[in-house]
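Working notes, structure below.
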Amino acid sequence: MPQQQLLPIVAQHQVAPEIYEMILTAPDLVQTAQPGQFIDVLVPDHPEHFLRRPFAIATCDAKQGQISFTYRVKGPGTEAMVACQVGTSLDVLGPLGHGFPIADVTPGTPVLLVGGGTGIPPLLGLAQRLQQQGAQVTTVLGYRSQAESFYQDRFAKTGEVCIASDDGTLGFHGHVGLLMAAQLTERHFERAFACGPKGLLMAVKNRYQAQMPTYLSLESRMACGIGACYACVTPTTDHELKKICSDGPVFPAQEVVL
Amino acid sequence: MPQQQLLPIVAQHQVAPEIYEMILTAPDLVQTAQPGQFIDVLVPDHPEHFLRRPFAIATCDAKQGQISFTYRVKGPGTEAMVACQVGTSLDVLGPLGHGFPIADVTPGTPVLLVGGGTGIPPLLGLAQRLQQQGAQVTTVLGYRSQAESFYQDRFAKTGEVCIASDDGTLGFHGHVGLLMAAQLTERHFERAFACGPKGLLMAVKNRYQAQMPTYLSLESRMACGIGACYACVTPTTDHELKKICSDGPVFPAQEVVL
Amino acid sequence: MPDVTVHLPGLDLKNPIMPASGCFGFGQEYSQFYDLNQLGALITKATTLKPRQGNPTPRVAETESGMLNAIGLQNPGVDHVLAKELPWLAEHYPELPIIVNVAGTHVDDYAAVCAALKAAPNVKAIELNISCPNVAHGGMEFGTDPDSAAQLTQACSAVTDLPIYVKLSPNVTDIRPIAEAVSRAGAAGLSLINTLVGERFDLMTRQPILANVTGGLSGPAVKPVALRLIQQVRSVTDLPIIGMGGVSTADDALEMLVAGADAIAVGSANFREPLACPNIIADLPKRMTHFHFENLTKEIHWEGTK
Amino acid sequence: MPDVTVHLPGLDLKNPIMPASGCFGFGQEYSQFYDLNQLGALITKATTLKPRQGNPTPRVAETESGMLNAIGLQNPGVDHVLAKELPWLAEHYPELPIIVNVAGTHVDDYAAVCAALKAAPNVKAIELNISCPNVAHGGMEFGTDPDSAAQLTQACSAVTDLPIYVKLSPNVTDIRPIAEAVSRAGAAGLSLINTLVGERFDLMTRQPILANVTGGLSGPAVKPVALRLIQQVRSVTDLPIIGMGGVSTADDALEMLVAGADAIAVGSANFREPLACPNIIADLPKRMTHFHFENLTKEIHWEGTK
Ligand SMILES: Cc1cc2nc3c(=O)[nH]c(=O)nc-3n(C[C@H](O)[C@H](O)[C@H](O)COP(=O)(O)OP(=O)(O)OC[C@H]3O[C@@H](n4cnc5c(N)ncnc54)[C@H](O)[C@@H]3O)c2cc1C
Ligand SMILES: Cc1cc2nc3c(=O)[nH]c(=O)nc-3n(C[C@H](O)[C@H](O)[C@H](O)COP(=O)(O)OP(=O)(O)OC[C@H]3O[C@@H](n4cnc5c(N)ncnc54)[C@H](O)[C@@H]3O)c2cc1C
Ligand SMILES: Cc1cc2nc3c(=O)[nH]c(=O)nc-3n(C[C@H](O)[C@H](O)[C@H](O)COP(=O)(O)O)c2cc1C
Ligand SMILES: Cc1cc2nc3c(=O)[nH]c(=O)nc-3n(C[C@H](O)[C@H](O)[C@H](O)COP(=O)(O)O)c2cc1C
Ligand code: FES
Ligand code: FES
């Protein structure tokens, strides 16, 4: 059940050029939020930025009662968010949507996570949860460059990490699709999860959907964030439309047309 | 010459229900600002409040390099200003317009100041300056009620003060026009200055404009605040239009039609 | 305590506030946030004869103090609405008056939807959408021509006993002849405004943000235009007006009622603030007291419109 | 360094930014804040044949992310403009191209002002205001009817060699026929948009805030409508377009240029930020670099308009 809450900002710091991590006190959210769910954030002090901004929940710290999300400064709304002060609060709707289905992942299961850019943060929480469940986590991360990379160290604690960068300054030279083709064809996984740009999702879908349960987290411009406005639909393979905000954002790869 | 400046807020406190005083560090403004001039303030953190808000400069403290203004919470803009924190800054245009002409007021000259409501604050700076020049200052102040009164003590330090309240809870029972008729007809003044609601300005104009130089400070909804948009005009007795922001806001009473 | 009830053809409302069409689905989503019984009424998403897929995405973009949408009338079709959506509302909120927003492309399919809605007892009125700017044949042609608007209104009134509120387009040189034409043709009331046509571009791609290129502008940005059109329409007709366009607060609602509206629909504000409607409903009596309103009858309309 | 120059009929501009008519007087006031030589050009307040007093006050009201004005064409008349305002500009800013906004009530007085302006060598173009929504005979009739608009354009072109930019009204069902008509009638360019008609009410008095009841809406709120109309007009004509409506930043200006404008006028933003124009001019090359624009030729117009 989504709630509207004012969540105090505990910390905010830059993790890469133009990319910031925000930590919020959210004792209720940590109880129920699943990796892959998102929150819809009102930009404070800017009523002229009329719509909320959706961000994937990155990590949930149940002990501290804190959630984090990580965002790229893209337009005026995220620009304004950089100025938010610790101690002030964000007006947040959440948890929204359906996360990655992991309840049935059994200990020892080899799982693959593939993320790129701002699709990486939600995979961190996912990797942590899968590790807790005893899964054997391999993560493929794609960055523009070494300078714009972040969170490798944190993923390293959850299992094996393969890294690609567009310009070759970090790890494999090329996008994650090429990395998977070059390094992972021999590897056995039983489930795949992906979040990132369309090209990355296509690569994961094409490579794995026939082999194993494969889940993709989609994005779309949203208005309501809860399924009421039909703004965020995605076509499905059976010629229907699903709402990314409320039917997703995570979908079985075979269900959606990218 | 008006300037645009970011002026730090030194203090803000409530002086009566719905009425707040704001003190700004303004070392440049205090050099040149004249009683009766005004500033045009951008409401911080609310880009949707598109226009600036004009406020009369109340007092100028040349030693401290501070100016003050006093405002009534009327609509969403002034509502938002109440939340402004000490240490943040206001984007201000000023000093704007022409103030009360007092350069030629000689020591000992008996002058009358008449103010009502939020027309009172600018008279405080005027009274202080006139007192410094050695004038003999009498001020008539009109309030809604005792509960909504403010600044009597400060005016008391500048000379004689006569007070009226609409509901009779403070001083004379009735508006300042009636007070003047009841108590001041025998008194001799050589110059009159007024700021307040239209009825007050009419009363002062009608009573004094034929007898002595009489000056009224007018208000009007403004857009540019500097004479460029023709929003704020007032008709003159010779059938012209003058701009309140740049030709005024202080006008000789005989010049304007109220 | 000021009296917030309003009484319009087919609609005895405990307060004048209802969610606007297309901004509240068929109610289920927002019922997660509050009890919809608080609402005066509820206007549904546009309903067409057959299911419609709507426009490609992106379908929304932000603008200063507003938003653009080009949903394109996606909806499950009247059969599904009758089978699922309206019964869900009847089951959970039996007392809540429902207004179904009806859209189409020809007189016939509009009329067929109107006729079909007889089957749903909780539907108390029809809002005839002759002003959707976002589909090539979304009724906007009806909304810009008095004669077509009148013909459509007449055809729909002929097949239903439900009062018909015709929803007018703001994208016209003069709205008054259209209001007068549908009034003569049997409209029980009017709804205004639908969205203004606008668009945005992405500077990185140099392409329109909306896949449909143009979209409908709504939100606080359009409020002054809505107030003007409501006042102008009020000056030529006595028909009840459901006013909308940029209302997010009780003060906005009161301003629109003064301009000549008789009830208020709240659209995009729901997206920003899911509790927009209940917040307005809670504030309304307080703000009425503050501004000395005793009730919300026609007495409060600005006398210049009379 | 990207190239910010633009070359339009009569106007060789070092950058595309100019203050919009009515928001900058005749330049003197803002020259207190900065050197007007920074501007690409300057559009004056509307000038009529005889001095005009305009509307009663209040003449302005605020709206969310915008404002309403009903100045009503107050101006000192063309004789005074020729005797005082234009010579002041010529003396202080001899290189600054001036565009005089011309308003009137009949073809004759419009034409008389256009003819009179020959006397001022710093006037490089005329902006023909056929779209003032704030006076009963402020040209708005010309702006809503293609034939009248064309007649007026032709009559004015006949009496002057200056290029005429016809300023179009957004308050129409379809702007394209009007753009096409004035184009055929000899317009050298187009200016759009003028203000949208709107109004506000004061809840305490229950009266309209503006003495004129309605006023013209401008500011960021109208930007998406301006972008749409510019794009629509661009799709039917190759005439240069001076785009305006809600521009406050360099990004806004670029978005409008992509939509199909060739130069940009900045109106209400001056009131909020007196340095709006020089700020935009300073930011423009940086933002062009950021978004990979090399110049501001027709190449940057969205190809959908071509
Ligand atoms: C389910 C979901 C999860 C997301 N998670 C993240 C995340 O974890 N980290 C992150 O950096 N970004 C994430 N995004 C994208 C993020 O919402 C946008 O980048 C952000 O809203 C841009 O806001 P802005 O103010 O910078 O840009 P503006 O251009 O000012 O945004 C204007 C409007 O457009 C919407 N918008 C603009 N770009 C996008 C986009 N690419 N996708 C969706 N809406 C957009 C905004 O939400 C807003 O309503 C997510 C999007 C979705 C749908
Ligand atoms: C020269 C001058 C000096 C002033 N000095 C003072 C002062 O010292 N103290 C004080 O309390 N008030 C003063 N006022 C009035 C003050 O500007 C308004 O009360 C204030 O702008 C209202 O803003 P708001 O956000 O509360 O109301 P809103 O309704 O949100 O204001 C919306 C717009 O209308 C304008 N506006 C609204 N009411 C008025 C009004 N009565 N007069 C002028 N503009 C208005 C605002 O400036 C703003 O642009 C002065 C006005 C002028 C013209
Ligand atoms: C996302 C969205 C979808 C809409 N869908 C419809 C619709 O299906 N039928 C209709 O008549 N109006 C529709 N509208 C218009 C609204 O009902 C309303 O007239 C308009 O948005 C102005 O009100 P607002 O400013 O409060 O949003 C839609 C508006 C939005 C924002
Ligand atoms: C106070 C004011 C006065 C205006 N006067 C005129 C005018 O005299 N002639 C004219 O053609 N447009 C006039 N306009 C319209 C502007 O030139 C411009 O078209 C409109 O405001 C949209 O631009 P903006 O959103 O940048 O303000 C005026 C606008 C304002 C706000
Ligand atoms: S954003 Fe409204 S339905 Fe998904
Ligand atoms: S406010 Fe613009 S001229 Fe006075």
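Here is the naming used below: chain letters follow the sequence lines, and residue numbers restart at 1 for every chain.
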**Report entry** When D:E64, D:M204, D:M67 are compared by non-hydrogen pairs under 4.5 Å with chain B, the top option
**Finding:** D:M67

Query - B:H175 side-chain N/O to B:G177 backbone N/O, donor-acceptor pair under 3.5 Å - result: yes

Report task. Quick one: which of D:A269, D:G219, D:S268 has the most heavy-atom pairs under 4.5 Å with chain B, could you say? Result -> D:S268

Query raised in the report: What orientation do B:Y143 and B:F150 show, parallel under 30°, tilted 30 to 60°, or perpendicular over 60°?
Result: perpendicular

Report summary line: With chain B, the option among D:Q32, D:Q74, D:E273 that has the most non-hydrogen atom pairs under 4.5 Å is D:Q74

Report summary line: Turns out that what part of B:L241 lies under 4.5 Å from chain D's heavy atoms comes down to both

Requested in this report: For atom CZ of B:R144, decide whether the heavy atoms of other residues, nucleotides or ligands shown that lie under 6.0 angstrom number more than 12.
Outcome: no

Query raised in the report: Under a 4.5 Å heavy-atom cut-off, does chain B meet the side chain of D:S248, its backbone, both or neither?
Result: neither

Report task. Starting from the C-alpha separation in whole Å, work towards a yes-or-no answer on salt bridge (charged side-chain N to carboxylate O under 4.0 Å, His left out) for B:K242 and B:E255. Result -> CA-CA 10 Å; B:K242 294 236 168 174; B:E255 207 175 86; 3.8 Å; yes

**Report entry** Residues D:S191 and D:E127: side-chain donor-acceptor under 3.5 angstrom
**Finding:** yes

Query - Residue selection (most heavy-atom pairs with chain D, distance under 4.5 Å) from B:R53, B:M222, B:Q3, B:H46 - result: B:R53

Report task. Looking only at non-hydrogen atoms, find the nearest pair between D:N55 and D:A70 and report the distance. Result -> ND2-O, 3.0 Å

**Report entry** Distance-only side-chain donor-acceptor flag, B:D167 / B:T169, under 3.5 Å
**Finding:** yes

Report task. Please flag which part of D:F33 lies under 4.5 Å from any non-hydrogen atom of chain B: side chain, backbone, both or neither. Result -> side chain

Query raised in the report: B:R221 versus chain D, heavy atoms under 4.5 Å apart: side chain, backbone, both or neither?
Result: both

Query raised in the report: Which bit of B:D91 is near chain D, if near means a heavy-atom gap under 4.5 Å: side chain, backbone, both or neither?
Result: side chain

Query - Proximity breakdown for B:K243 and chain D, heavy-atom pairs closer than 4.5 Å - result: side chain

